[in-house]
Every structure is written in structure tokens, then in C-alpha cells.
Amino acid sequence: MPALIQTAMKIYATIKETEDALSPYRNGKRSIGFVPTMGALHRGHLSLVTRSKSENDVTVCSIFVNPTQFNSPSDLEKYPRTIDDDMQMLASAGCDILFAPSVDEMYRKGDYSTINEDFGILDKVMEGKSRPGHFAGMLTIVNKLFCIIKPDNAYFGKKDFQQLVLIRHFVHTHHLPVIIKACPIVREDDGLAMSSRNRLLSAEERSNASIIPQTLFKIKSMWGEKTSAELKEFVKDRFNMVSPLKLDYFEIVNAETLEPVKDKASGKSAVACIAAFSGDVRLIDNISLTEQV
Ligand code: PAF
């Protein structure tokens, strides 16, 4: 185990140790806040820890790079792993318990089966189209983690907007006793949404990537004057003409149903969502067109 800064943070790799550490809180009716992560932490993750600390008696984080939510072995392989830095950051942010299990601990006896449910269009559009099976894998691990930690509150970033919609749907339909807290996207100075994948970008790719948030801010300013169809054309042209990034999709959808929203008049809660490749790194981002951000 690498040297840690002076900290009270407890680190466990097994389910049993984690459950034992949490049972006094549960029995004492003290609230448990949970921040699930795949590591490679940044300020976005730390903002979730800070929020959890302000709302709960104990804050638990998990670091687990979940193999079943990756679409290819090479994507899983190249996912950044920075466990030593992550532990330092979590300890400094005041995380109380870190659960960092092995793959065998989470997928016992090599059983990698994932949730097989009908989520309607929720897991089929946007990320679902580009990354088949991703959401089944993501929900499988989130469900396992909820079973182990049994949090009162769980914190997720709005950057993974479709993930958040599916988790909310899953918690609602399965009557899981956890409150899902959606937290604001944390952005770099040039607007790029913080993401573990940003560290895979070269300096040039990183600088070009700011077209993603700039486009979203521009779309927000045009919402109301233009229809979704017109805005889609605008985004396509912008990427084709001025950017080395390759657009994967741009959609304007209802914040809960993910149905397409045609224009401002027809949709109460519209979110503009984008995915684009910078080199071979896939970046996603979104902006609410109806809420102040
Ligand atoms: O958002 C993530 O980091 C992951 O999808 C999550 C929720 C930790 C599940 O592996």
C-alpha cells in the first residue's frame, strides 16, 4: 500500500470489511453518502465528495474500473488508472471510507452476467446506440454497489446525463431506498467538462476539444430562435468545417424521457447532448436548455 498523507480514511478491498465498517452507521441511523467512481479522479469527483460530506454522517467512495461497461478490451485497457493519486485526493477531500474491490470480488465465480431489462428508448438512443451494452454493465455494477453500501444518498455528475437518467429510472422502478443526487458539471477554464478521459488527450487534442462546450453554449443562446433540426445542421457544419473533432451525435432531448424535442415551444425540459471523437478519445457533454447553468 503506498504511503498516504495523514488521514482517517479507511481503505477496504473486500465487501465484508466494508459492510462491517458501515454497520455501526446503519444501526445508529446515521446517514451514508456514496460517490461511486472508476478512479482517475478530478475536481468533478471531488465536488461530489464535498457535497456528500455536507449532507451525510459518513461518506463512502468506490473506485472500480467496471469491465462490463466497456465496449472493447482496448477501451478498458487504456482507461486511465491513477490509484495512488486518487487515494491522496480522496483523503484530502475528507472521504471517510474508500471501497476499492478487485474484479473477482465484484464478479464472483467469473459471473459477468449483466442486467437484462427493457428500458424502452432510454438505453437505445445516443450513448446506447454508440455503445451497445454499456448501460446494462453500468447498472449492474451500480446495483451491486448499492447492495453493498446501502447508501441513503448517492451522488452522480450531470456530465453523464444519460447514465443519470437510467440510474434514476432503475432506482424508481426497483423501489431502491436511495436518493439520487445530481450534481453540476465541473468545467475547465475553457469550458471543457472535467472527465477522466481528458488525460488521454494530446496537448493539441486537448486544446481543440473546447469546441464541444463552446458549441453547447452557442446552442443554448440560439434555443428559441431555431428548431432542433436547424441546430443539428448548425452543429454538423461547425464540426465539418472548423474542427478536427469527429462528431458522433448531437441531439436535443427531453430531460426525463430522452424523446427528441423539436423546438422550445414543444419541450419543457430540453437537454442538448453531444459526443465527439478527439483522435480516438470519445468525449461527451451536455447542457440544459431550460435551466440556468
Ligand atoms: O460514472 C462512472 O464513473 C461509472 O459509470 C460508475 C457510475 C462509477 C459505474 O461504474
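Atoms within a ligand are numbered from 1 in the order they appear, just like the ligands themselves.
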- Message: As an exercise, identify every atom of ligand 1 less than 4.0 angstrom from a heavy atom of Q69.
- Response: 4 (C), 5 (O), 9 (C), 10 (O)
- Item | Electrostatic pair K181-D152, nearest N-O below 4.0 angstrom | no
- Under the side-chain hydrogen bond (donor to acceptor under 3.5 Å, both in side chains) rule, collect the residues that match up with R43, sequence neighbours excluded. none
- Query: Of all the atoms in ligand 1, which lie at a distance below 4.0 Å from a heavy atom belonging to I141?
  - Reply: 9 (C), 10 (O)
- Message: Run the side-chain hydrogen bond (donor to acceptor under 3.5 Å, both in side chains) test against D85 and tell me which residues pass, sequence neighbours left out.
- Response: none
- What's the shortest distance from atom 1 (O) of ligand 1 to any protein heavy atom, and which residue and atom give it? Q163 NE2, 2.8 Å
- Task: Calculate, to the nearest 0.5 Å, the distance between atoms CD and CZ belonging to E17 and F99 respectively.
- Result: 9.0 Å
- Note on the structure: Per-atom filter on ligand 1: closer than 4.0 angstrom to a heavy atom of M138 are 5 (O)
